[in-house]
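Here the structure comes first, spelled out in structure tokens, and everything after it is commentary.
Everything quoted here is computed from the prediction, not taken from an experiment.
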Amino acid sequence: MLSPHALYDSAPPPQVPVLDIDPFSAAFFDDPYPAHAAMRDAGPFVWLERYNVGAVARYADVREVLTDWGRFSSARGVGMEDFERHGRFRLPSLILEADPPLHSRSRGVLSRALSPPVLKMLRARFATEAETMVEALAARRRFDAIADLAERYPLRVFPDAMGMKREGREKLLPHAEMLFNSFGPRNALFEASRAKASFEWIEEQGRRENLSAGLGLVIHEAADRGEIGHDEAPLLVRALLQAGLDTTVNAIGATLYCLARFPDQWTRLREEPALAKPAFDEAIRFESPVQTFFRTVTRDTEIGGAPVREGDKILMMLAAANRDPRRWSEADRYDIARSTTGHVGFGSGIHQCVGQILARMEGELVLDALLRRVKRIRIAGEVVRRHNNTLRGLASLPVEVEPL
Ligand code: 4IA
């Protein structure tokens with residue numbers, strides 16, 4: 001059945017399995033795992049008839065699409081809309097929605113802005129904030145692991161690190177909510193979040209006069225050196241503001257949800273606190289805070305022997321790849337001691353998350369602080385899921401902790 005939000009009317013390519021799955025529906029968000037398995041088992045390349053887009057869900061094929069930017073382009077948008085057919089509803093990102101050579105130049109600037117020596121200077125402040133926050137929460141015993149920690153911690157450290165002005169910071173998460181919904185269809189979820197945010201506001205935040213010392217100004221300084229245009233700097237600051245907050249919120253949220261749900265893994269982590277970083281990465285594999293992204297096919301080709309046509313959109317099921325039993329043993333088990341190398345929760349190839357060192361630093365510091373203050377974590381109320389076309393996470397996770 002065709003969705004009222006479908007943007008394409010192309011027929012499925014011959015011999016490609018056609019599925020009636022809607023990866024942007026409430027039922028899917030509540031339990032995506034049976035649908036992930038159905039998509040993986042149907043074949044290497046499948047067709048989603050509700051939207052008339054292709055999809056890959058097996059690890060090997062998701063990796064293939066992620067790592068071949070020549071055949072699978074980002075420049076026509078990584079959401080369901082094709083910039084060439086549907087126009088641009090906002091200024092495209094100079095990094096996310098670009099191919100080489102434009103992408104490479106943007107990427108160079110952002111990876112220098114987020115390089116290990118820069119992040120090392122942030123680490124002490126990030127650690128102190130994690131300690132202070134967790135100390136107060138441990139004393140309270142009962143709190144909401146999402147609102148009071150997974151959201152509050154990145155909101156405390158990230159806008160400051162960017163050098164963002166104080167006024168309007170409460171708009172960052174509603175903006176991200178809309179942005180990540182906008183990669184899917186124009187469904188009710190997107191419309192509701194659009195009513196609460198604006199694209200103009202985020203663009204202004206990247207302008208030099210709205211920034212003080214921090215990562216944002218580092219990007220403007222790259223423009224002073226001629227590495228990028230002065231008109232491009234605000235858009236690259238926007239990229240970090242859009243990509244750097246809600247993702248870490250949901251990654252930290254996923255980690256806390258895993259450790260509260262699987263107490264044996266919390267015990268294991270207490271025995272070996274050096275597993276904090278792997279525990280965070282395994283939560284990203286297990287929950288995949290960023291569930292999906294699209295590419296646009298640049299020329300007729302094939303995936304796993306199936307015909308793939310120029311101009312079609314392909315949905316990459318990152319979350320399904322991260323639990324593909326063809327790649328992972330006991331894929332549905334959260335295991336902090338496993339090797340998570342190769343998970344696609346941060347993507348793969350030239351677009352792989354440029355902020356992953358910063359994200360891992362935040363995750364590790366929150367866990368370090370918890371390990372120093374907390375003996376046990378248990379779920380102490382109703383777990384409420386948050387629905388978003390791209391992000392997977394919770395709206396509420398009431399917990400009770402036993403302080404050390
Ligand atoms: C950008 C994939 C997600 C984390 C992301 C969102 C926005 C941008 C980049 C990445 O605006 O460039």
Side-chain angles (χ1 to χ4, degrees), residues 1-25 28 35-89 92-93 96-103 182-187 190 290-321 324 326 344 347-351 389-390:
M1 189 187 57
L2 191 70
S3 161
H5 307 290
L7 292 164
Y8 304 95
D9 56 13
S10 31
Q15 277 135 41
V16 170
V18 175
L19 301 178
D20 184 34
I21 287 170
D22 184 353
F24 305 103
S25 64
F28 186 95
H36 285 165
M39 292 177 79
R40 286 189 304 254
D41 292 345
F45 179 68
V46 301
W47 192 255
L48 300 179
E49 64 175 357
R50 284 170 183 255
Y51 299 104
N52 287 315
V53 297
V56 284
R58 293 183 187 175
Y59 179 83
D61 305 300
V62 169
R63 269 293 279 260
E64 180 175 335
V65 175
L66 279 170
T67 52
D68 191 343
W69 56 265
R71 277 190 301 157
F72 307 109
S73 169
S74 292
R76 287 159 73 173
V78 298
M80 187 177 279
E81 287 184 352
D82 179 347
F83 292 166
E84 280 187 14
R85 294 197 214 193
H86 306 109
R88 289 158 174 79
F89 60 95
S93 167
L96 181 73
E97 294 154 340
D99 294 332
L102 173 61
H103 169 270
S182 78
F183 296 120
R186 295 292 177 263
N187 54 15
F190 169 74
V290 176
Q291 293 268 295
T292 50
F293 264 116
F294 288 88
R295 293 289 189 259
T296 314
V297 182
T298 60
R299 58 172 179 269
D300 289 350
T301 179
E302 45 181 66
I303 295 175
V308 176
R309 298 173 303 212
E310 188 275 321
D312 281 348
K313 280 277 178 181
I314 298 184
L315 182 61
M316 303 180 293
M317 305 295 296
L318 307 178
D324 183 354
R326 295 161 190 79
V344 292
S348 187
I350 64 168
H351 288 279
N389 284 334
T390 303

Is a side-chain donor or acceptor of [X] paired with a backbone partner of [Y] at a separation under 3.5 angstrom?
X	Y	value
His103	Ala98	no
Arg63	Ser348	no
Arg58	Arg40	yes
Asp61	Val56	no

* Do Phe183 and Phe294 have ring centroids that are under 6.0 Å from one another? -> no

I want to check something: taking the side chain as every heavy atom from C-beta on, are [X] and [Y] in contact at a cut-off of under 4.5 Å?
X	Y	result
Thr296	Phe72	no
Phe24	Leu315	yes
Asp324	Val62	no
Gln291	His36	yes
Pro185	Asn389	yes
Met1	Arg50	yes
Leu66	Arg295	yes
Asp300	Pro307	no

Identify the heavy atoms of [X] and [Y] that sit nearest to each other, and give their distance.
X	Y	result
Leu2	Tyr8	CD1-O, 4.5 Å
Arg76	Gly311	NH2-CA, 4.0 Å
Val344	Leu318	CG2-O, 3.7 Å
Arg309	Trp47	NH2-CH2, 3.4 Å
His351	Ser74	NE2-OG, 3.4 Å
Arg299	Gly70	NH1-O, 4.1 Å

* Asked: Which residues pass the side chain to side chain contact (heavy atoms under 4.5 Å, CB included) test with Pro92, sequence neighbours left out?
  -> Phe83, Arg88, Glu97

* How long is the gap from OG on Ser10 to CG on Asp312, to the nearest 0.5 Å? -> 5.0 Å

* Structure fact -> Separation between OG1 (Thr298) and CH2 (Trp69), nearest 0.5 Å, reads 9.5 Å

* To do: Decide side-chain contact (heavy atoms from CB on, under 4.5 Å) for Leu48 and Met39; before the verdict, give the C-alpha distance in whole Å, the side-chain angles of both, and the deciding distance to 0.1 Å.
  => CA-CA 10 Å; Leu48 300 179; Met39 292 177 79; 3.9 Å; yes

* Inspect the surroundings of CG in Asp9 and state if more than 12 heavy atoms from other residues, nucleotides or ligands are less than 6.0 Å away. => no

* **Step-by-step side-chain contact (heavy atoms from CB on, under 4.5 Å) determination, Ile314 to Ile303** => CA-CA 11 Å; Ile314 298 184; Ile303 295 175; 3.7 Å; yes

